[in-house]
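Before any comments, here is the structure.
Reminder, nothing fancy here: chain letters follow the sequence lines and each chain counts from 1. Predicted, not measured: the structure shown is a model, and the values here were computed from it.
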Protein chains: 2
Amino acid sequence: MLDPVSRVRRFNRAVTSEVGALDTSFLGRGRPLGAARVLNAIGHGRSDVAELRDYLALDSGLMSRLLRSLEEEGLVTTKPHPDDARRRLAKLTAAGRREFEAYETLSNAQAQAMLARHSQPEALLAAMDMVAAALGRNRISIAEVDARGEQARYCLGEYYGELSRRFERGFDVARSRDPDAVDMMAPRGAFFIALSDGLPLGCVGLKGTGGAVAEIKRLWVAPAARGIGLGRRLMDAAEDAARKLSIKILRLDTNSVLSEARQLYRRTGWTEIDRFNDDPYPDLFFEKRL
Amino acid sequence: MLDPVSRVRRFNRAVTSEVGALDTSFLGRGRPLGAARVLNAIGHGRSDVAELRDYLALDSGLMSRLLRSLEEEGLVTTKPHPDDARRRLAKLTAAGRREFEAYETLSNAQAQAMLARHSQPEALLAAMDMVAAALGRNRISIAEVDARGEQARYCLGEYYGELSRRFERGFDVARSRDPDAVDMMAPRGAFFIALSDGLPLGCVGLKGTGGAVAEIKRLWVAPAARGIGLGRRLMDAAEDAARKLSIKILRLDTNSVLSEARQLYRRTGWTEIDRFNDDPYPDLFFEKRL
DNA sequence: CATAATATCTGACTTAAGTCAGATATCGAA
DNA sequence: TTCGATATCTGACTTAAGTCAGATATTATG
């Protein structure tokens, strides 16, 4: 009915005409938008003035004046950076923190209200995640994390959940060769996640043995983040890490049901090889020489 | 990992920080945002100055000045409304139309580029449709249309497509008792669609016989618009139309696979009755006395 | 230590946007 | 025809936001 371009533009209209309404918490507390944005950015943990300026895309003069006005209001204090006295650090005062919390409360209440109006909030949230991931794709960072940490465990949980949905006979971690977390940590291996504004959207593990051969394990990309090249970025990170560990041969196993993964491997220099383990779930095996 | 409220707020951040980037076509042609918005609103068919002011939420003084500046640029002409010389009508000049088309081209190109960067544009579009529907829910209108028209046919096509996906043995219109379009038009019946900023999001047919009994047919709500109460609004429209046609008893058939529909009927005063036709697809039958 | 580079700040601007009180013209109804 | 209501316009403001050229202080580098 509507062509794709019209649908994107319809989305833009909906969002921009509601955008005031999307998060009006920045208004309504008798403070210009600029100052409110700075206060909130500081409240969210950004203290370095240069970082604030960069994040909010403000001119240095303007930034400086906004900080002064917040200082005059008694909401913020600044002091030189201990390592470099040219740089300045901003911090909320007690009053500033109260004001920040007031903004947070407003903003949370608005988000809550929008969800409450919907009778299928999970579907709506999934759609929002997807749009947010697509719009913020160049702000998704790949980070090496502890494979036993909270974020890694969350990703693995989602990964297992997806396998049990997609495999015809389900998936039971206990029956699979679950790699030891220590094999996916320095100095033998590594574990990476893709992080978008606080939400983990993907992961991959590099399972080392200490020798020249290592395995890629647990490659997962959140449904909301498919189609924006995250799988590739995660694999690149794992390969780079493998090279740094002097690993010469990478292997992986997968299941033909996971067609996106197979396509990715085929396109990025992996070659199919014979089965190299007796794990019951995989039916495809790949190798890549670095 | 992130709670629902945080996910909504993450979406808000993604959208608001990209919102300049969402549609920057309003900038970049050496004209202040306000004037560009007025030019575009006129280009999209709004000519009445009061309507423009209302749509763009501008003060009358500001509106007046923006129109003057566009007139000075030679992009717009205004003239008194033929029926009421107090009101004024704005119109694009040839140069204004060219300028408007340039904005349109930019905007389309941006939408196109955003889609091109995504390798699963259909999923992204579906997510955008869902978010747009949820944000613009109070701007969705129910309209009576010709059951043979383009919009009705689009909705019916989507409806049949969904049935064939959800019914275990598929769905073949030819095998079903497809109601004649004329039975779903005045004076015997009616056909309604839900329209959101140009995109049809749902439909329902009232199939009359000329007597006191009529049937509800083809209730469909687009996946992107589920959870915002559209089914109910469509049914209300059909019931109102039935009352106006002096219909006393409404009937409908459905399939138990369509659980959302069944829930809706149960909650809105319908009672289950015995099978009243030999259509192979339905297995549930409802009645409502008006 | 001299000098260039860096981070922030200040002062002097411009522009966009918005507000508000009237002015002007026209319309609708008594 | 008169008068209140309505639609738009004009003039006189305010505020927010952004720009830009230096000033100042500090750090890095040869």
Legend entry - Whole-Å distance separating the CG atom of B:Asp48 from the C1' atom of D:dT6: 13 Å
Inset, instruction - Could you list the residues that satisfy salt bridge (charged side-chain N to carboxylate O under 4.0 Å, His left out) with B:Arg87, not counting sequence neighbours? - result: B:Asp48
Inset, instruction - Could you pull out all residues at least two apart from A:Arg88 that satisfy side chain to side chain donor-acceptor pair (under 3.5 Å)? - result: A:Thr78
Inset, instruction - Name every residue in residues 54-72 of chain B that has at least one heavy atom under 4.0 Å from any atom of DNA chain C, in order of residue number, or write none if there are no such residues. - result: B:Leu58, B:Asp59, B:Leu62, B:Arg65
Legend entry - Distance test, side-chain N/O of B:Arg53 to OP1/OP2 of D:dT8, below 4.0 Å: yes
Legend entry - Contacts of A:Asp54 that satisfy side chain to side chain donor-acceptor pair (under 3.5 Å) - sequence neighbours left out: none
Inset, instruction - Would you kindly give the NZ-to-C1' distance between A:Lys79 and C:dT8, to the nearest whole Å? - result: 17 Å
Legend entry - Polar side chain donor-acceptor pair, A:Ser64 to A:Arg68, under 3.5 angstrom: yes
Legend entry - Under the side chain to side chain donor-acceptor pair (under 3.5 Å) test, residues paired with A:Arg226 that sit two or more places apart: A:Glu162
Inset, instruction - Whole angstrom is fine here: how far is it from CG in B:Leu33 over to C1' in D:dA17? - result: 13 Å
Legend entry - A:His44: ring pair (Phe, Tyr, Trp, His ring centres under 6.0 Å) partners, not counting sequence neighbours: A:Phe100
Legend entry - Reading 5' to 3' through nucleotides 23-30 of chain C, protein heavy-atom contacts under 4.0 Å coded B for base, S for sugar-phosphate only, - for none: ---BS---
Legend entry - Residue pairs passing the salt bridge (charged side-chain N to carboxylate O under 4.0 Å, His left out) test where at least one lies in residues 113-125 of chain B, sequence neighbours excluded: A:Arg7-B:Glu122
Inset, instruction - Under the side chain to side chain donor-acceptor pair (under 3.5 Å) rule, collect the residues that match up with A:Arg148, sequence neighbours excluded. - result: A:Asp146
